[in-house]
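Sequential numbering from 1 along the given sequence is applied to the chain's residues. Note that the coordinates shown come from a computational prediction; the quantities given were computed from them, not determined experimentally. Only this structure's heavy atoms are used, side chains among them; waters, hydrogens and symmetry mates stay out.
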Amino acid sequence: AQLLSRRVLDADLRTYADIIVAEVDRLSALAGRLLGPAGRAPVGAIHIHAVLERVRLLLAADGANVERDYDPSLPDCVGDGDRLVQMFLNLGRNAVEAGATRIVLRTRYERDAALGEGRRAALRVEIIDDGAGVPDAVRSTLFLPLVSGRDGGTGLGLATANEIVAEHGGRIGFESRSGRTAFSIWLPVTAGSG
């Protein structure tokens, strides 16, 4: 992929080659963390739109119609960019598997979001889709491991997303009906923001 990106003249193809390289690096780091000695992933200031743009490109490469509705004035959050990419990618792929023809990535700032034991400033990221929705039978247990609302599903994607949100001191929730499902993720902003 690195060789290909150097030789390809078409900008779109070069972008996809760069995505392949970035994803291989991200998955290699993930495997290293899983197989190596226990340790925390690198945490730093993250611009959420950079994370979401990577997710958007990956979903678009799979043929998904992904739209953006970003608040351009958002402060940074603190976290592990690779883990956040994984979380949002899980949510986006679930939307595609639920038959969504349109996915919207929306960001907003909330001054007084409920996080953990109290309230504080947070980024709210929504993944909104027009798919089949979350089946009633799994709504109360949706974020538990091995719970899936579709045939052949492993039930690990949303459990992993929930775990990643918790690692970042955030919160995840959803609203769903046939034709509109919105997963909302609240992530604390960096100190001094807001």
Side-chain angles (χ1 to χ4, degrees), residues 1-2 5 14-61 66-95 103-128 143 156-174 182-194:
Q2 289 171 334
S5 83
R14 191 174 319 115
T15 298
Y16 287 123
D18 292 341
I19 289 171
I20 292 169
V21 171
E23 281 301 288
V24 168
D25 290 344
R26 181 180 70 80
L27 294 172
S28 176
L30 175 63
R33 284 196 301 266
L34 290 173
L35 299 174
R40 295 286 304 160
V43 174
I46 302 290
H47 187 67
I48 200 66
H49 295 151
V51 168
L52 292 174
E53 278 303 290
R54 193 155 147 209
V55 170
R56 185 185 68 80
L57 287 171
L58 289 166
L59 291 172
V66 184
E67 299 174 17
R68 296 171 276 200
D69 180 5
Y70 294 164
D71 177 347
S73 65
L74 291 182
D76 290 342
C77 63
V78 176
D80 174 356
D82 288 343
R83 294 284 281 164
L84 291 173
V85 165
Q86 185 64 56
M87 177 194 54
F88 291 121
L89 195 54
N90 287 357
L91 294 170
R93 285 186 173 147
N94 279 356
I103 300 170
V104 178
L105 303 176
R106 176 180 292 157
T107 61
R108 297 294 186 262
Y109 178 80
E110 291 191 14
R111 290 192 183 282
D112 193 32
L115 293 176
E117 301 285 320
R119 302 187 75 80
R120 61 179 291 190
L123 306 181
R124 180 176 181 170
V125 180
E126 293 178 293
I127 293 86
I128 304 164
F143 295 108
L156 296 176
L158 290 176
T160 300
N162 190 39
E163 178 184 310
I164 293 169
V165 169
E167 288 171 5
H168 286 80
R171 177 169 61 95
I172 188 171
F174 73 95
F183 278 86
S184 298
I185 296 91
W186 290 265
L187 297 170
V189 298
T190 56
S193 298

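- Contact of the His168 side chain with the Asp80 side chain is registered, since non-hydrogen atoms from C-beta on lie closer than 4.5 Å.
- Within the model, atoms CZ of Arg54 and CG of Leu89 stand 9.5 Å from one another, a figure rounded to the nearest 0.5 Å.
- Side-chain contact annotation: Gln86 with Asn90, donor-acceptor N/O pair under 3.5 Å present.
- Taking both residues in full, the closest heavy atoms of Ala182 and Ile128 are given as CB-CG1, 3.9 Å, listed atom of the first, atom of the second, then distance.
- Across all non-hydrogen atoms, the minimal contact from Trp186 to Gly173 is CZ3-N, 4.1 Å.
- Contact check on Arg68 versus Glu53 returns a salt bridge, with a Lys/Arg side-chain nitrogen under 4.0 Å from an Asp/Glu carboxylate oxygen.
- The two residues Thr107 and His49 come nearest to each other via the heavy atoms OG1-NE2, 2.8 Å.
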Problem set entry | Derivation and outcome, side chain to side chain contact (heavy atoms under 4.5 Å, CB included), residues Ile127 and Ile185 | CA-CA 9 Å; Ile127 293 86; Ile185 296 91; 3.9 Å; yes
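- Checking Leu59, Val51, Leu105 one by one against Phe88, the side-chain contact (heavy atoms from CB on, under 4.5 Å) holds for a single residue, Val51.
- We find the CD-CE distance between Glu163 and Met87 to be 12.0 Å, quoted to the nearest 0.5 Å.
- With rounding to the nearest 0.5 angstrom, the CD atom of Glu126 is 12.0 Å from the CG atom of Leu91.
- In this structure, the side chains of Tyr109 and Ser73 stay at 4.5 Å or more apart for every pair of heavy atoms.
- Checked for salt-bridge contact, Arg119 and Asp112 meet the test: a charged N lies under 4.0 Å from a carboxylate O.
- Side-chain contact between Asn94 and Phe183 is absent, with no heavy-atom pair separated by less than 4.5 Å.
- A pairwise comparison of heavy atoms in Cys77 and Pro188 identifies CB-O, 3.2 Å as the closest pair.
- Residues Leu115 and Ala122 approach most closely at CD1-CB, 3.8 Å, considering heavy atoms.
- Rounding to the nearest 0.5 angstrom, the gap separating the CD1 atom in Ile46 from the CG atom in Asp82 is 8.5 Å.
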For this session: Would you sort out whether Val85 and Leu52 count as a side chain to side chain contact (heavy atoms under 4.5 Å, CB included), showing the intermediate values?
Result: CA-CA 7 Å; Val85 165; Leu52 292 174; over 6 Å; no
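- The line from CG of Leu123 to CG of Asp71 is 9.0 Å long, rounded to the nearest 0.5 Å.
- When all heavy atoms of Ile172 and Val165 are compared, the pair lying nearest together is N-CG1, 3.9 Å.
- Of the residues listed (Arg124, Arg106, Arg171), the one engaging Ser184 in a side-chain hydrogen bond (donor to acceptor under 3.5 Å, both in side chains) is Arg124, and it is the only one.
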